[in-house]
Every structure is written in C-alpha cells, then in structure tokens.
Amino acid sequence: EAERYPEGIKWKFLEHKGPVFAPPYEPLPEGVKFYYDGKVMKLSPKAEEVATFFAKMLDHEYTTKEIFRKNFFKDWRKEMTNDEKNMITNLSKCDFTQMSQYFKAQSEARKQMSKEEKQKIKEENEKLLKEYGFCVMDNHRERIANFKIEPPGLFRGRGNHPKMGMLKRRIMPEDIIINCSKDAKVPSPPPGHKWKEVRHDNKVTWLVSWTENIQGSIKYIMLNPSSRIKGEKDWQKYETARRLKKCVDKIRNQYREDWKSKEMKVRQRAVLALRAGNEKEEGETADTVGCCSLRVEHINLHPELDGQEYVVEFDFPGKDSIRYYNKVPVEKRVFKNLQLFMENKQPEDDLFDRLNVTSKDKSCQRIYFMYTFLVYKLTLLLFYFFTADENVPAKILSYNRANRAVAILCNHQRAPPKTFEKSMMNLQSKIDAKKDQLADARRDLKSAKADAKVMKDAKTKKYRLEEQLMKLEVQATDREENKQIALGTSKLNYLDPRITVAWCKKWGVPIEKIYNKTQREKFAWAIDMTDEDYEF
DNA sequence: GCCAAGACTTGACCGTAGAAGG
DNA sequence: CCTTCTACGGTCAAGTCTTGGC
C-alpha cells in the first residue's frame, strides 16, 4: 500500500550504522606450540593467524585434499617472514595438533560455561543486533540480513573447487563501500580508519559492499526477507508465474512445433524448453552444469529401458556439485532430436551447441524464464497434491507430502540425519508403548460395562490414546518419508505462499503448523493479503 | 551489441539454543 | 532438573539474471 516509486528507484531514504567487523586476531597463549619437522617454532603473528585457520579445520576432510593443501600452503607462505619462508618448505612437516587441541578445548569450555556467562553473551549479541541489525528504509525500521562482515579464513569451495584452501583475507573498513541516502547520517568508520567510498545509489538495495579476494566478486549486506523491499520482489515473482499460467499452453504448442524445425538452433531451443545453466569460467570454479550447459557425456539415450520407451538417463554434477541422476521417458521426437544433437560429437562437447545462453538473441528470449517456470510448475504441483483429511495431523502430512513431491522434482536431497535410525527407533518404541496402553484401555472399557461413570471415563481415555497414537504414527510416516529430502528450499523459494495460506484457512490448519516464525515473517505479505478462495 | 561487472536469489551446511525426553 | 536431540537460523558459496561501459 505504500507509495510506488518510478521504475528502478528502490528507496528514497536509507540510513544504517554500517557493518560489524570480525573480531581482531587474538594470538595464541605461550603454551600452545607449533612444530616444524619435530622442532618447536614460534610463528610471527600473521603467519600464526593463518596457521590457526588450518588448525581449526584439521579434522575436516578438506585438509586431506591435495588442492586444498597446495592452495593453503601457497597463501600461507605469502604471510610468512623471510626466515619463516626459508624454514617452512613442506606442509607435511607442519604439526598443528597443539593448536587444534587448544581450539577444541576452547569450544568445550564454551559449552561448559555457566548459565550466567551464557546469558551475558546472549545479551551482548542482542545489543549488537539492536544497534547494527536494523536500518531505516523510507518510513520503516527494517531488519538487516547479514550485518556482520565475513571473518577471514580458508575458502571452502564445494565439490572439486580449484580454489579451495586459499586464504580469504580479512576485510577492513578501507575495503568497504557504504550506500545510504544523501540526507542520512553516514555511519562512522572504526577509529583511525576510513571507508573506501560512500555512495548514494537508490537504484540498488544493498547497504554495504566489498570485493572478496578469491573470485574477485562483490559481496553485499542487504535486508532481511521480512523487509518490504524483499517481500515486494518475492510477490512480483509469483505474479509473473501467474501470468505465465495464461500463456504456457501456447508456449508448449510452439515448441512442440519447433521440434520439427529445419533449423538446428530452433530444434535445440525447443528441446531445451527452458533456460538454466550459465557459462562458467573454466578453472575458476568447480565443474558443474545446468541444462543449457549439459555436455554429451552427461546423458545416455535408451530406446528402451525397464519396459519404457525413449528414456533419457541423466547423470551430471549440478549446483553445489550435487549429483543429479534420473531416468526420464520423453516423447519420441525429443528423443530423436537428442540423438541428432549428439551425432559426431565428443563426450566433452556441448549438447546444445547452437544456443548461446548469454546472447541477447531475441528468438531465444521466450525460454529465458527459468524461475518463473519452476515457480509456476511447482506451485501447481503443490496444489495437485492437496487433500482434505479429517484431522489436523493428517492434513499436515498431506501438505508435507505435496511439498515433498516438489522437492523431489527439484532434486533437493539431503544426507539422512546422523541420528536418523536411532530417533526412528525411539519413535517406534513410543508407538509400541502407546499401543500397549491402548490395548489396556480397551480391555478396561470392556470390563467397565456395568458402571456408567467408569465407562465414560474409560471411553475418554481410550479416545485420547487413539488420538495420541494417530499423531505419533503420522509423525513417523512423515519423518520416514522425509529421510533424504530437504523441503526448505522449495518451501521458501518456489511455492506461492498464498496457496499455503489459503489452504490453511480453508481447512482450519493453524499457519504456525506449516510456517515457523522466520517463514511467517518472510511471508507476512502473503499472510496479510490472502483469503481462503485465493487461486493461483 | 557484446560481455564483464554488478545485483540479487538460491542452496547446502553447520553450530547451537531450546524443546523434548528421561 | 539434567541430558539428548533436532529444528532453526546464521553463514557464505554458487547459482541466475540485469546493467552499464566500451
């Protein structure tokens, strides 16, 4: 309901306190020794700090990887004095165990702190949040998402990242660009320091930015998802998806026609159907692909497989190097086209070689709406799975099942929780105990026939136990089905929250059962505007 | 018109507060 | 009340998509 701004203008007034910097390095106590080639060695403060980054990760698999060790050692040497450089020439001769043990002891001590000490820390955090965690954007006090600057450490790329282990340097005020409005009070840099720049750009949403040294990319401090500026954008996303709903059939018919096109490029575009997977700089990042950047080696074609015709077998590393493996039956025309695209190519050649994903080719534009399409498709899918069970736990199960169907489609997997089996067994024994109780209650009820009051009590008890048992059983089903599925991403990013809100209202499910506090804050706009007849 | 830089969204992972269980 | 477990939220890497400068 707030005033709309002209195209591109994101705000008129913006004031904040600037970022919170990582705490300065605290040198190790005298007693904690570092050994090189079996001999004690006192490191210079800079070299010591970088050494502690490695020591802190000693138990992690990263420190066994060759690329990680090589990158770390190279960057570590840059921080050493000449003497240290001459002395320390082999990482394998470095002994970080005392450092590592010291940090473990510290974290143990933190756990053992008294209630009062923990309370004190909590209060300090709250104070910091209160002071730096909010800004004023136009007429609202808004929560900032990440007001703390990322501390220095070793870069942890995912998958086979060529830069893993490199030193992520400490960010100083001199690296920081502050963005605020001209009429706002400019945050003051820490004493003795200056900001790199103060600018007043209301065509962007960020408050603070800096350039990180690993990829040379820019990092930002922005607002929380609960903020107006994020909420409006989110809302807009779902509105675009709703508009897509109106023309999706036309688009589909068009690309089905294009499967027959004389022009290879048009065919490729039509088989691809949507755009995902930008080009990446080789050697700068892990080797992962999206559908535009699929290579011949990532698919296998089976004219027949397990009783199905025209099956495409996908096997490729996707975002975060998560493996995508799936066998998908496709229409004959798609299959034949894929065969054509693979002809006379090497495994490492691009499957869709005629499409330039970065080009502004107008004829390709209509397929350039990856999120929109996902949002559209997934929201419909959620809707499709909704059912109306009579009790609330069963309704929630059915909601989660719908959510799960979406997550599976998106390949949102998770490693089963470490304690999964155990917690499942615990739950099962609770169910068994409940069943025993219920059997007892049923027996009591039978033998209570004579006395009306006793019988009434027994009935209530039986009913209550049945209710509790049902809840436990539903919980067990839900947990079992969710073993390897991560619901968060699809719930937070792809499913129109208004559908969820409408569903909750329609079936009398409290919204807190579906969205936790953070999620309710993020979707406040949807909760406010939606009634039970909302249609996507 | 191209494309690198910039902006913004998505996503896995991890530590821990606080709920649940004993 | 103490211990155990798990959901939550923070963190930051890794994507997508837009913009602006040449």
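Residue numbering restarts at 1 for every chain, and letters A, B, ... go by the order of the sequence lines. Heavy-atom basis, side chains included; hydrogens, waters and symmetry copies ignored.
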Tell me: [atom1] of [X] to [atom2] of [N], nearest whole Å?
X: A/Tyr62; N: C/dC12; atom1: OH; atom2: C1'; answer: 11 Å
X: A/Lys233; N: C/dT16; atom1: NZ; atom2: P; answer: 16 Å
X: A/Lys319; N: C/dG15; atom1: NZ; atom2: P; answer: 7 Å
X: A/Asn125; N: B/dA17; atom1: CG; atom2: C1'; answer: 12 Å
X: A/Ile121; N: B/dG18; atom1: CD1; atom2: P; answer: 13 Å
X: A/His60; N: B/dA12; atom1: NE2; atom2: C1'; answer: 12 Å
X: A/Leu495; N: B/dT9; atom1: CG; atom2: P; answer: 17 Å
X: A/Tyr324; N: C/dG15; atom1: OH; atom2: C1'; answer: 17 Å

So, do [X] and [Y] sit near enough that their side-chain heavy atoms are less than 4.5 Å apart?
X: A/Cys291; Y: A/Phe352; result: no
X: A/Trp76; Y: A/Leu167; result: no
X: A/His298; Y: A/Leu351; result: no
X: A/Asp350; Y: A/Arg295; result: yes
X: A/Gln519; Y: A/Leu492; result: yes

As a test of reading the structure: which of [options] is closest to the side chain of [X], going by heavy atoms?
X: A/Ile322; options: B/dA12, C/dA14, B/dC14; result: B/dA12
X: A/Arg158; options: B/dT9, B/dA7, B/dC13; result: B/dC13
X: A/Val204; options: C/dA14, C/dG15, B/dC8; result: B/dC8

If you find the nucleotide of DNA chain B closest to A/Trp206 and the one closest to A/Asp320, which residue's nucleotide is nearer the 5' end?
->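 Per heavy-atom nearest nucleotide, the more 5' residue is A/Trp206.
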
Which residue lies toward the 5' end of DNA chain B, A/Lys122 or A/Ile229, if each is placed at its nearest nucleotide?
->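 Looking at the nearest nucleotide for each, A/Ile229 comes out on the 5' side.
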
Is the phosphate of [N], meaning OP1 or OP2, less than 4.0 Å from a side-chain N or O of [X]?
X: A/Thr285; N: C/dA14; value: no
X: A/Asn493; N: B/dT10; value: yes
X: A/Lys230; N: B/dT9; value: yes
X: A/Thr288; N: C/dA14; value: no
X: A/Lys280; N: C/dG15; value: yes

Measure from the side-chain N and O atoms of A/Lys237 to the backbone N and O of A/Asn493, and report whether any donor-acceptor pair falls under 3.5 Å.
->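 Yes: the side chain of A/Lys237 pairs with the backbone of A/Asn493.
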
So [X], base contact, sugar-phosphate only, or nothing? Heavy-atom distance under 4.0 Å.
X: A/Ser107; value: nothing
X: A/Lys10; value: sugar-phosphate
X: A/Lys168; value: sugar-phosphate

What's touching nucleotides 20-22 of chain B from the protein side, N or O pairs under 3.5 Å?
unit_1	atom_1	unit_2	atom_2	d
B/dG21	OP1	A/Lys430	NZ	2.3

Test side chain to side chain contact (heavy atoms under 4.5 Å, CB included) applied to A/Leu207 and A/Ile178, A/Leu223, A/Asn179, the passing residue |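 The side chain to side chain contact (heavy atoms under 4.5 Å, CB included) with A/Leu207 is passed solely by A/Leu223 among A/Ile178, A/Leu223, A/Asn179.
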
Examine the side chains of A/Glu232 and A/Gln236 and answer whether a donor and an acceptor come within less than 3.5 Å of each other.
->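 No, no side-chain donor-acceptor pair sits under 3.5 Å.
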
Check: protein-nucleotides 7-11 of chain C nitrogen or oxygen pairs below 3.5 Å:
unit_1	atom_1	unit_2	atom_2	d
C/dG9	OP1	A/Thr518	OG1	2.6
C/dG9	OP2	A/Thr518	OG1	2.0
C/dG9	O5'	A/Thr518	OG1	3.2
C/dG10	OP1	A/Arg143	NH2	3.2

Evaluate the ring planes of [X] and [Y], with Trp represented by its six-membered ring, and classify them as parallel (under 30°), tilted (30 to 60°) or perpendicular (over 60°).
X: A/Tyr324; Y: A/Phe316; answer: parallel
X: A/His60; Y: A/Tyr62; answer: parallel
X: A/Tyr515; Y: A/Phe523; answer: tilted

Side chain A/Lys203 and base C/dT19 donor-acceptor under 3.5 Å |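 No pair found.
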
Considering only NZ, NE, NH1 and NH2 on the basic side and carboxylate oxygens on the acidic side, decide whether A/Arg401 and A/Glu481 come within less than 4.0 Å.
->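 Yes, charged N to carboxylate O under 4.0 Å.
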
Verify side-chain hydrogen bond (donor to acceptor under 3.5 Å, both in side chains) between A/Glu15 and A/Ser181, making sure each step is shown before the conclusion.
-> CA-CA 7 Å; A/Glu15 186 172 275; A/Ser181 59; over 6 Å; no

For DNA chain B, the residues among residues 211-223 of chain A that have a non-hydrogen atom under 4.0 Å from it |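 Here the set is A/Ile218, A/Tyr220, A/Met222.
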
